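All values reported here derive from a predicted model rather than from experimental measurement. Chain letters run A, B, ... following the sequence lines, proteins first, then strands; residues in each count from 1. Values below: every heavy atom of this structure, side chains too, minus hydrogens, waters and symmetry copies.
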Amino acid sequence: MLYDAVIVAEKPAVALAFAKFLGEGKYRRVFVEGVPSYVFHFRGGDYLSIGLTGHILDFDFPREYNEWNAVDPKKLFFIDPILVVREGAYKYVKALKALALKTSHAILALDADVEGEGIAFEVIRIMSQANPNLEFKRAWFSAVTKWDILNAMQNLREPNELWAKKVFARMVVDLTVGASFTRLLTLAVQRQKSMLPLGKFLSYGPCQTPVLYLVVKRELEREQFKKKKYYVIVAELEADGHVITASANLGEDKEKAASALALAKREEFATVVLSEASIVEVSPPVPLNTIDFESRASAFLNIRPKEALAIAEKLYQYGYISYPRTETTIYPPTLNLSQLASMFTSWEDIGWYVTKILQKGLTPTRGREDDKAHPPIHPTKVASRAGLLRAMGEKAWRVYELVVRHFLATLSEKAQVEKQRVVARLGGVELSAEGRRVVYPGFYYVYYYARPEEKPLPYLVEGDRLRVRSLRLEERSTQPPPYLSESELLALMKRYGIGTDATMQDHIHTNIERKYFVVRERRCIPTPLGKTLILSLLEVEPRLVLPEIRGKMESLLAKVASGEREASEVVAEIKETFLEYYENVAAKIDAISQKLVPVIAEVYRPDGNQQAGLFPRNRGLRGGRKKSKKAKE
DNA sequence: GCAAGGTC
C-alpha cells in the first residue's frame, strides 16, 4: 500500500488545509487523473489528500424517459431515477478509483452537514467498486483550523448513512416533481404554438415557484390597495435662526382641512407645547452569514445576491475572506479576532479606530446560528483599495470593504442616537416635527452604510414661540406596499425554509432567467408571465405554490435523517402527494396554457426591445396584459 | 431541455 490513508475533502482548499496542518507545512502537490492532490507525512505515516468540487454523482431518468415528446410526464412518477456521474466529474471518479487501490483506509473529510454526508456516500460507492475491502472513516470538523482538523483526525467517526439517504431522497423527489411539472407546462404551451424560443421552457420547482409566489403576492396586494387622499398642513417654522419643517395630518376631509388652514394662517407665531428627546442605543450587527451578506450587498451596494456571492467566492479563492457559504453568526473561539482586526490598523481612514477598539478589548456581537461547518464571513487578509481595484475590479473592492467593515462593526461599541420630537400649536392645529442626531457613533464610525441620516432639531422648550415662515396645504395619498426587495425576499425564504444559504440566490436567479420576474432598483417585479403562471396554479392547486410546501417536504425528509422513517417510504409519500397535484393541474392544462401563450409572447417579444415588455414603468403591467389578451380574442 | 443541492 502506498498510502496509510487517503483523505477526501469537499473542496480543494480543504484538501490543502489538511496537508498543511497535518504535514506541519511540508507537503508535495501531485496530480491524480488531473486532480490536484497533496502528499505529506503525518505521525510517521504517508498520506494523500484530494479535494472534490461538491457532488460527483447525480440522479437522472433512464435515457428513454428523457425524450420529452415521447413520454407522458406523469410516467416520471412511476419510475426510479438512476445515479449518473455528473458532467465534468468523471476525473474524480477515475482519481478515486485509482486511489482506492493504493490504500486500505479512506478518510471522508467532507463538510460537517447532511450534504457532506451525501457526498461521503458517493465517495464510498465509487471507491469500494474499485476496492471492496477499503475501510472508511469520517473526519468531523467544524472549522478549517489546525486545532479542529487535528481533533477530527483523533476522533474519526463512522459515516452516517441515514443522513446520506435523506440527501438522496431529496434529490429523487426534487427531480421527479420538477421535471414532471416543467414538462407538463412546457409541452402544453408548445402544442399551442407559443412563442417560447427553442431551448427555453416553463419551469416549476418546489423552491423557485414558492419564491415567485411571494413576489406575485406582493403585486396582488398592490393592486388591491385602495389609495386614500388625505390632507397635511406643512409649515416652516423659525427658531433661533434654524428653520424646522413641521406638519399636521388633517385627515380626509378637504373642507375641514381648508378651514383649519385658514385659522392657522391668521397666526404669526406657533407655540411649542411639547419638546422631548430620548437616547436610543443601537447594537452593532451580528457576525455575517451568507444570506445576511447577500441581503446587505443588495441594500448597501446595489449588487445582486448572485453576483455578490460570485465575487465573494473569488475573494475567498484569493485568500482575502473566509468561506462565503455559511449559516453561522457566532465567531468560533478558535478565531483570533484581535489578530484579524489588527490587520486594519494600517488602513488610512479607520486605522486609529481599530487601534482604539483593540485597546479597549474586543467583545464581539453574537448571533444565534451555528452550522458547525464554517465560521461567519470575515476578512483573512488585508488588501489596499488600489491593489484590489487593480487585481479584481471595483465591485470586488466594495464587497471586500463591506466584509471588513462588517467584521470591525461586530467588534465595536453600540451607537447612541437621540430621537427628538417637537409639537407646536398654531391656531387650532398641532404641528409636529421629528429629528434625529447621532450622539455617539460607536460602530457607525466604520459601518457608515447603516448610519442614519441626521436631521437634528434645535433645542426648544415648551412655551417657545416660533415664527411661521410659510404654510401650505398638501394633498397626499396613502401608498400601496412597495414591491418586495431582494433582502425582504431572502428573509421570507429563510422564514419558510426555502433553499439553503448557498442556493437562495439561485432560486431568485432562476425566476429571472425564466422571465418570471425582474429586479429593478432592488425590487422584484413579476412579469405578466410569472404572474399568470402563479394565478393559474393558484386556481387549480394552491398547495403547489404556497410557500409552506418546501418546509413540509423538508420536515418529512428530516425523518429519514433521524431514522424515524424509511427513505423509500418518504419518497413514495411525497411522490403520491405531488401526483395528486399533478392530476389536478393536468386536468386543466388546456385552459392554463391558453392563458400562458399570450404572456409568453409578451415577455419573449422579438422586437429586440424585450425589456419594454417587462418593465411596468414603460408599459404598465396591467395595460400590457390586457392588450395581449384582446389581441387573442 | 426538467429540480435543488454541492462546488468552480
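Checked by distance alone, A:D60 brings no side-chain donor or acceptor within 3.5 Å of a matching partner on the base of B:dA3.
For A:A502, the side-chain atoms get nearest to B:dG6 when compared with the rest of B:dA4, B:dG6, B:dC2. Considering only the side chain of A:T500, B:dG6 comes nearest among B:dG6, B:dC2, B:dA4. Each of B:dG1, B:dC8, B:dA4 was ranked by its minimum atom distance to the side chain of A:N69; first place goes to B:dG1. Comparing B:dG6, B:dC8, B:dG1 against the side chain of A:R325 picks out B:dC8 as the nearest.
Across all strands, A:G499 comes closer than 4.0 Å only to sugar-phosphate atoms, never to a base (heavy-atom distances). The residue A:T182 sits close only to the backbone: its heavy atoms come under 4.0 Å of sugar-phosphate atoms, none of a base. Among the heavy atoms of the strands lying under 4.0 Å from A:P12 are primed sugar atoms or P, OP1, OP2 only; no base atom is included.
Using a 4.0 Å cut-off between a side-chain N of Lys or Arg and a carboxylate O of Asp or Glu, A:E539 and A:K588 do not qualify as a salt bridge.
Distance, A:E64 CD to B:dC2 P: 19 Å, rounded to whole Å. Rounding to whole angstrom units, CD1 of residue A:I79 and C1' of B:dC2 are separated by 12 Å. Counting to the nearest Å, the P atom of B:dG6 and the CD atom of A:E115 are 5 Å from each other. To the nearest angstrom, P of B:dC8 lies 6 Å from OH of A:Y323. For the pair A:Y316 OH and B:dG6 C1', the computed distance is 13 Å after rounding to whole Å.
A close approach under 4.0 Å does occur between a side-chain nitrogen or oxygen of A:S203 and OP1 or OP2 of B:dA3. For A:R514 and B:dA3, the shortest distance from a side-chain N or O to OP1 or OP2 is below 4.0 Å.
Annotation: A:Y582 is in aromatic contact with A:F181 [ring centroid separation under 6.0 Å].
Residue pairs meeting the salt bridge (charged side-chain N to carboxylate O under 4.0 Å, His left out) criterion with at least one member in residues 69-79 of chain A, sequence neighbours excluded, are A:K74-A:E583.
Residues A:Q192 and A:S593 bring a donor and an acceptor atom of their side chains to less than 3.5 Å of each other.
In this structure, the aromatic ring of A:W68 is positioned over the six-membered ring of the base of B:dG1, centres within 5.5 Å and planes within 30°.
Heavy-atom neighbours of A:E566 CD from other residues, nucleotides or ligands within 6.0 Å: at or below the threshold of 12.
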